[in-house]
Each structure stands twice: as C-alpha cells, then as structure tokens.
J.: 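After the structure tokens below, expect a handful of questions from me.
Computation of the quantities below employed the complete heavy-atom set of this structure, encompassing side-chain atoms and omitting hydrogens, waters and symmetry-equivalent molecules. Here is how names work: the chains are called A, B, and so on, in the same order as the sequence lines, proteins then strands, and each is numbered from 1. As the structure is a prediction and not an experimental result, all values here were calculated from the model.
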Number of protein chains: 2
Amino acid sequence: MALATKKGPSAKLRSAAFKRVRADHSAELAGDYVEMIADLIDERGEARCTDIAMRLGVANATVVKTLRRLQTAELVTQEPYRAIFLTAEGWKMAEDGRRKHALVEKFLLALGVSTETARIDSEGIEHHVSSETLRAMGKFLARHGS
Amino acid sequence: MALATKKGPSAKLRSAAFKRVRADHSAELAGDYVEMIADLIDERGEARCTDIAMRLGVANATVVKTLRRLQTAELVTQEPYRAIFLTAEGWKMAEDGRRKHALVEKFLLALGVSTETARIDSEGIEHHVSSETLRAMGKFLARHGS
DNA sequence: CATATAACTTAGCCTATGCTAAACTTTGGA
DNA sequence: TCCAAAGTTTAGCATAGGCTAAGTTATATG
C-alpha cells in the first residue's frame with residue numbers, strides 16, 4: 001500500500017462507539033416492549049398483544065414472536081391466550097426506561113422544541129444516552145425551567 | 001373485554017414515533033458507512049474494506065455484504081478488488097451526516113459531558129435527531145459556549 | 001347455550017446484519 | 001520472475017425483526 005500506511009492509534013477506540021450503538025439497538029426493542037406493557041397495565045389493568053401491536057405499529061404476529069424472546073430473557077410471563085405480565089426484572093427495566101424517557105423528553109422541551117417533536121425524538125434518543133449525558137441533562141433542567 | 005374497552009384516540013399517533021425509530025435504524029447503517037468512507041478518503045486518499053471493518057468493529061465479510069447493498073442504493077461504486085468510491089448522492093449523505101454529527105457532538109460538549117462521552121453518545125444520537133431538535137441545539141450553541 | 005367475532009397462535013416467508021472458513025487477487029520483495 | 005502475505009470475495013450459517021395467511025381459543029350476545 002503506497003499511500004497512508006498509518007492505521008491510526010484509535011481504531012479500537014473508534015470501533016467501541018459503533019459497538020455500543022449496536023448493543024443499544026438489541027436492548028432497545030426489549031426496553032420499548034416492557035415500557036409499553038407497564039404503561040398498558042397501569043392504564044387499563046392488563047396488557048394484550050393487540051394493544052401492543054397497535055401502539056407499536058407492527059403486526060400482531062410480530063408481537064407474539066418478540067414476546068417469546070422476552071419470555072426467554074425472563075422479562076415477561078404469559079400463559080397462552082392470556083394477558084401479559086412483567087417479571088420483577090421486567091418492571092425494573094420498565095421503570096428505568098420511563099425515568100430516562102421522561103427526562104429526555106422534558107429536556108428537549110426545555111431546549112425549546114415542540115411537544116410533538118419532543119415526544120418523537122425522545123423515543124429514538126433515549127436508548128443512546130449514557131448516564132453521564134443523562135446527568136448533564138438533569139443539571140440543565142435544574143438550572144433552566146421545569 | 002370487561003375492563004377498559006377504550007382504545008384511546010392516539011394509537012396511530014403513538015405508533016408514528018416507533019415507525020420513525022424503525023425507519024431511522026434502516027437508514028443509520030448506510031449513513032455510518034458513507035460517513036466513514038468519506039473520512040477515509042479525506043484522511044488517507046482511499047477507502048478499503050479492511051479499514052472500514054476495523055473502525056466499525058465488524059468482520060470483513062460483513063462490510064463486503066453491506067457495500068453490495070449500498071451499491072444497489074447507488075451510494076457507492078466499486079470494482080472488484082479495488083478501493084471504494086462515493087457517488088454524488090453518497091457524498092451528499094456523508095456531508096449531511098458529518099454536519100449533524102459535529103453539531104450533536106459540540107452540543108453535548110457544551111452541555112458539559114466529557115470528550116469521550118460526547119464522541120460515543122453523539123454516534124448513537126445523531127440518527128434520531130429531527131431537524132427541529134437540531135436547530136434547537138444550534139441555538140443553544142449560539143447562546144452558550146463554542 | 002350456540003355461535004360469531006375478536007384475540008391469539010402457528011407456519012412460512014423475507015431482508016438486514018452479524019459471523020467463520022475457504023477461495024481468490026494483488027502486490028511487494030527476495 | 002515468482003511467491004508469500006495482505007486484502008478481497010464467496011459460501012454458508014445464525015439471529016432479529018418484519019410480514020401475510022390460516023388455524024385455534026375465548027367470550028359476548030342473541
């Protein structure tokens with residue numbers, strides 16, 4: 001290779017960021033599901049496949065398949081043809097997600113974006129925000145409005 | 001259904017956010033690739049599979065397969081066993097990504113997070129930030145630091 | 001109490017994104 | 001000039017996460 005043989009010392013450091021993003025993505029779906037199941041249980045007393053499918057905007061069969069994975073991961077429990085429940089770990093993950101989600105959304109609002117954009121962007125952003133950034137957002141909220 | 005028959009008026013609105021997130025994810029990988037190819041071309045004169053694989057932290061074969069998709073999408077061009085080039089559209093996407101990425105990273109720094117965290121988090125966040133939020137970040141930067 | 005409808009499940013398909021192992025080109029040196 | 005090392009590609013596999021269509025179970029109501 002004639003030109004630019006230098007690999008740069010930071011190849012491994014660079015790749016770490018992308019690895020984190022990929023890892024976040026695998027965890028993301030599980031987080032969205034348990035958060036939504038928790039919301040449904042709180043709002044309406046029970047969580048059903050159909051409601052999840054509707055809110056997520058996917059087909060019913062997709063929800064069923066994903067729920068099987070979540071059962072394997074011990075985040076939810078379910079009997080055939082019955083409502084869906086969260087395990088203790090599932091509730092913990094849901095609570096964490098809610099806290100994070102709420103903070104990011106409030107932060108975006110405080111930054112000056114519209115309600116609608118805050119709602120949509122926070123959904124995408126929440127899973128990629130480290131605890132350090134989350135703390136920084138919290139501090140910002142403490143200084144500036146609500 | 002005895003309890004809670006009400007579907008809520010916002011099911012479709014809710015699902016829109018998740019649909020956006022899913023759409024973002026499909027576009028994300030393409031964005032990361034073209035941005036990295038652009039960086040490699042600028043830094044070292046050419047972009048090769050091996051360098052992309054190393055920086056991304058994935059196997060070589062994965063890069064090859066993804067590049068085929070990017071060729072189909074007319075974002076890159078490539079002859080067998082040769083370096084990789086961006087099409088005009090590829091360059092445009094790379095530039096957009098860089099601008100967005102740089103802005104998000106600077107914003108996180110201004111918010112008070114460490115260099116390292118800003119680098120890592122911005123990688124995950126950049127693909128989920130709407131133009132409205134981006135503008136809000138820009139305004140914040142104009143007011144506060146750098 | 002029988003049955004239609006709504007909800008759930010299964011089966012089978014697809015694409016995206018990863019991997020390893022093996023085969024093939026290029027190319028720099030001996 | 002020719003060969004070995006480095007880089008590239010192919011082949012084959014796995015998992016995640018989508019879909020539709022067809023079958024099964026629960027239940028609300030006539």
J.: Starting from P on D/dG7, measure out to CZ on B/Arg44 and report it in whole angstrom.
T.: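 Taking atom P of D/dG7 as the reference, CZ of B/Arg44 is at 10 Å.
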J.: Please list, by residue number, the residues of residues 33-40 of chain A whose heavy atoms come closer than 4.0 Å to an atom of DNA chain C; answer none if no residue qualifies.
T.: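 Within this stretch, nothing sits under 4.0 Å of the strand.
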J.: Tell me every residue that passes salt bridge (Lys or Arg N to Asp or Glu O under 4.0 Å) with A/Arg99, counting only those two or more places apart in sequence or in another chain.
T.: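 For A/Arg99, the residues satisfying salt bridge (Lys or Arg N to Asp or Glu O under 4.0 Å) (neighbours in sequence not counted) are A/Asp96.
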J.: Specify the separation, in whole Å, of atom CD1 of B/Ile84 and atom P of D/dG7.
T.: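 Taking atom P of D/dG7 as the reference, CD1 of B/Ile84 is at 13 Å.
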J.: Want to settle it: does B/Cys49 or A/His25 sit nearer the 5' end of DNA chain D, counting the closest nucleotide to each?
T.: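 Counting from the 5' end, the first nearest nucleotide belongs to B/Cys49.
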J.: Tell me the interatomic distance from B/Met54, atom CE, to D/dG7, atom C1', rounded to whole angstroms.
T.: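 Taking CE of B/Met54 and C1' of D/dG7, I get 11 Å after rounding.
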J.: Short question: side chain of A/Glu132, backbone of B/Ser114 - any donor-acceptor pair under 3.5 Å?
T.: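 Such a contact is found between A/Glu132 side chain and B/Ser114 backbone.
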J.: Can you list the residues that meet the salt bridge (Lys or Arg N to Asp or Glu O under 4.0 Å) rule with B/Glu95, with sequence neighbours excluded?
T.: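 With neighbours one apart ignored, the set is B/Arg98.
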J.: NZ of B/Lys19 versus P of D/dG18: gap in Å, rounded?
T.: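 One finds 12 Å between P of D/dG18 and NZ of B/Lys19, rounded.
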J.: How many whole angstroms separate atom CG of A/Asn60 from atom P of D/dA26?
T.: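 Spelled out: CG on A/Asn60 to P on D/dA26 is 16 Å.
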J.: Tell me whether the OP1 or OP2 atom of C/dA16 has a side-chain N or O from B/Ser26 closer than 4.0 Å.
T.: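 Answer is no, no contact under 4.0 Å.
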J.: Keeping to residues at least two apart or across chains, list the ring pair (Phe, Tyr, Trp, His ring centres under 6.0 Å) pairs with something in residues 29-58 of chain B.
T.: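 Passing the test, one end in residues 29-58 of chain B: no pairs.
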J.: Between A/Thr66 (side chain only) and A/Thr62 (backbone N and O only), is there a donor and an acceptor less than 3.5 Å apart?
T.: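 The answer is yes, because a donor-acceptor pair under 3.5 Å joins these two groups.
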J.: From the list D/dC19, C/dA7, D/dG18, which nucleotide is the closest neighbour of the side chain of A/Ala61?
T.: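 Selected nucleotide (nearest to the side chain): D/dC19.
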J.: What pairs with A/Arg119 under salt bridge (Lys or Arg N to Asp or Glu O under 4.0 Å), at least two apart in sequence or on another chain?
T.: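 Partners of A/Arg119 by the salt bridge (Lys or Arg N to Asp or Glu O under 4.0 Å) criterion, ordered by chain and then number, come out as A/Glu116.
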J.: Could you give all pairs that pass the ring pair (Phe, Tyr, Trp, His ring centres under 6.0 Å) test and reach residues 92-133 of chain B, with sequence neighbours left out?
T.: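 Output for this query lists A/His128-B/His128, B/His25-B/His128, B/Phe107-B/Phe140.
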J.: Got a sec? Which of residues 65-82 of chain A come in under 4.0 Å of DNA chain C, heavy atoms?
T.: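 Those residues whose heavy atoms fall under 4.0 Å from DNA chain C, taken from residues 65-82 of chain A in numerical order, are A/Lys65, A/Arg68, A/Gln78, A/Pro80, A/Tyr81.
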J.: Could you tell me which residues satisfy side-chain hydrogen bond (donor to acceptor under 3.5 Å, both in side chains) with B/Thr87, sequence neighbours excluded, listed by chain and number?
T.: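 Here no residue qualifies.
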J.: Respond yes when some side-chain nitrogen or oxygen of A/Arg22 is under 4.0 Å from OP1 or OP2 of C/dT17, and no when none is.
T.: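 Checking C/dT17 against A/Arg22, no side-chain N or O comes under 4.0 Å of OP1 or OP2.
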J.: Distance check needed: D/dG17 P versus B/Leu29 CG, whole Å only.
T.: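 That distance rounds to 15 Å.
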J.: Rounded to the nearest angstrom, tell me the gap between atom CZ in A/Arg48 and atom C1' in C/dT9.
T.: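 To the nearest whole Å, that distance equals 13 Å.
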J.: Find the distance B/Asp24:CG to D/dG18:C1' and express it as a whole number of Å.
T.: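 Going from CG in B/Asp24 over to C1' in D/dG18 covers 17 Å.
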J.: Touch check for B/Val58, heavy atoms < 4.0 angstrom, all strands: base, sugar-phosphate only, or nothing?
T.: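 Sugar-phosphate, no base atom in range.
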J.: Strictly below 4.0 Å: does B/Thr62 bring a side-chain N or O up to OP1 or OP2 of C/dC19?
T.: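 For C/dC19, OP1/OP2 do have a side-chain N/O of B/Thr62 under 4.0 Å.
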J.: Would you list the pairs meeting ring pair (Phe, Tyr, Trp, His ring centres under 6.0 Å) in which at least one residue belongs to residues 39-93 of chain A, sequence neighbours left out?
T.: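 Passing the test, one end in residues 39-93 of chain A: no pairs.
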